[in-house]
Amino acid sequence: QVQLVESGGGLVQAGGSLRLSCAASERTFGNYVMGWFRQAPGKEREFVAAISRNPLIIYYRDSVKGRFTISRDNAKNLLYLQMNSLKSADTAVYYCAADIRVRDPKKLDEYDYWGQGTQVTVSS
C-alpha cells in the first residue's frame with residue numbers, strides 16, 4: 001500500500017508561483033498513475049492534472065493549461081506540480097493520488113491512494 005505526503009503549499013499573491021511535491025513510499029512508484037486534485041471550501045474535489053506510466057501521457061483540466069505543469073521523478077519517488085500565474089480561483093487544498101489500474105486519470109474515484117493534502121491560498 002503506497003503512502004503519499006504532499007508538501008509545498010502556502011500563501012502566495014495572485015500571479016505568483018508555487019511548486020507542490022508529493023513523496024510516495026512505494027518502491028514501485030513508476031508503476032503508478034499519479035494525479036493532482038484540489039478541493040476548495042464548500043466545493044467538491046476536482047481534477048487538476050495527471051501523469052501516466054509508459055507511455056507518458058499528461059492530462060490537465062482546462063483552467064490550468066499553460067499555467068500548471070505536472071511531472072514525476074521515478075528515481076526519487078516524487079510527483080510535482082509547478083503552478084505559475086496563480087489566481088484566487090486556484091485557492092484550495094491540493095491532494096495527490098495514486099493507483100496502478102486507472103482507466104480515466106481525470107476521475108477521482110479511479111484512485112485508491114491519497115495524501116493528506118496541502119493548502120494553497122492565493123491572495124488577490
Report task. Please report the shortest heavy-atom distance between Glu26 and Asn77, naming the atom on each side. Result -> O-ND2, 2.8 Å

Query raised in the report: Quick one: is the NZ or CZ of Arg19 closer than 6.0 Å to the six-membered ring centre of Tyr80, and within 45° of its axis?
Result: yes

Query raised in the report: With a 4.0 Å cut-off, would you call Asp90 and Lys87 a salt bridge?
Result: no

Report summary line: In terms of heavy-atom contacts, Cys96 and Leu79 come closest through CB-CD2, 4.0 Å

Query raised in the report: Taking it one step at a time, do Leu4 and Met34 satisfy side chain to side chain contact (heavy atoms under 4.5 Å, CB included)?
Result: CA-CA 11 Å; Leu4 305 171; Met34 302 297 298; 4.1 Å; yes

Query raised in the report: Measuring from Ser21:OG to Leu78:CG, what's the distance to the nearest 0.5 Å?
Result: 6.0 Å

Report summary line: Distance col, row Thr28:OG1 vs Ile100:CD1, nearest 0.5 angstrom, shows 5.5 Å

Report summary line: Shortest non-hydrogen pair, Arg72 vs Ile51, comes out as NH1-O, 3.5 Å

Query - Side chain to side chain, Val120 and Met83, heavy atoms closer than 4.5 Å - result: yes

Query raised in the report: Can you name the nearest heavy-atom pair linking Gly8 to Thr118, along with the distance?
Result: N-OG1, 4.2 Å

Query raised in the report: Between atom CG of Leu20 and atom OG of Ser7, what is the distance when rounded to the nearest 0.5 Å?
Result: 8.0 Å

Report task. Nearest 0.5 Å please: distance from the CD atom of Gln39 over to the CD atom of Gln119. Result -> 11.0 Å

Query - Qualifying ring-ring contact (aromatic ring centres under 6.0 Å, His included) pairs, either residue in residues 23-61, two or more places apart - result: Phe37-Phe47, Phe37-Tyr111, Phe37-Trp114

**Report entry** For Ser52 against Ile57, the heavy-atom pair lying closest together
**Finding:** OG-N, 2.7 Å

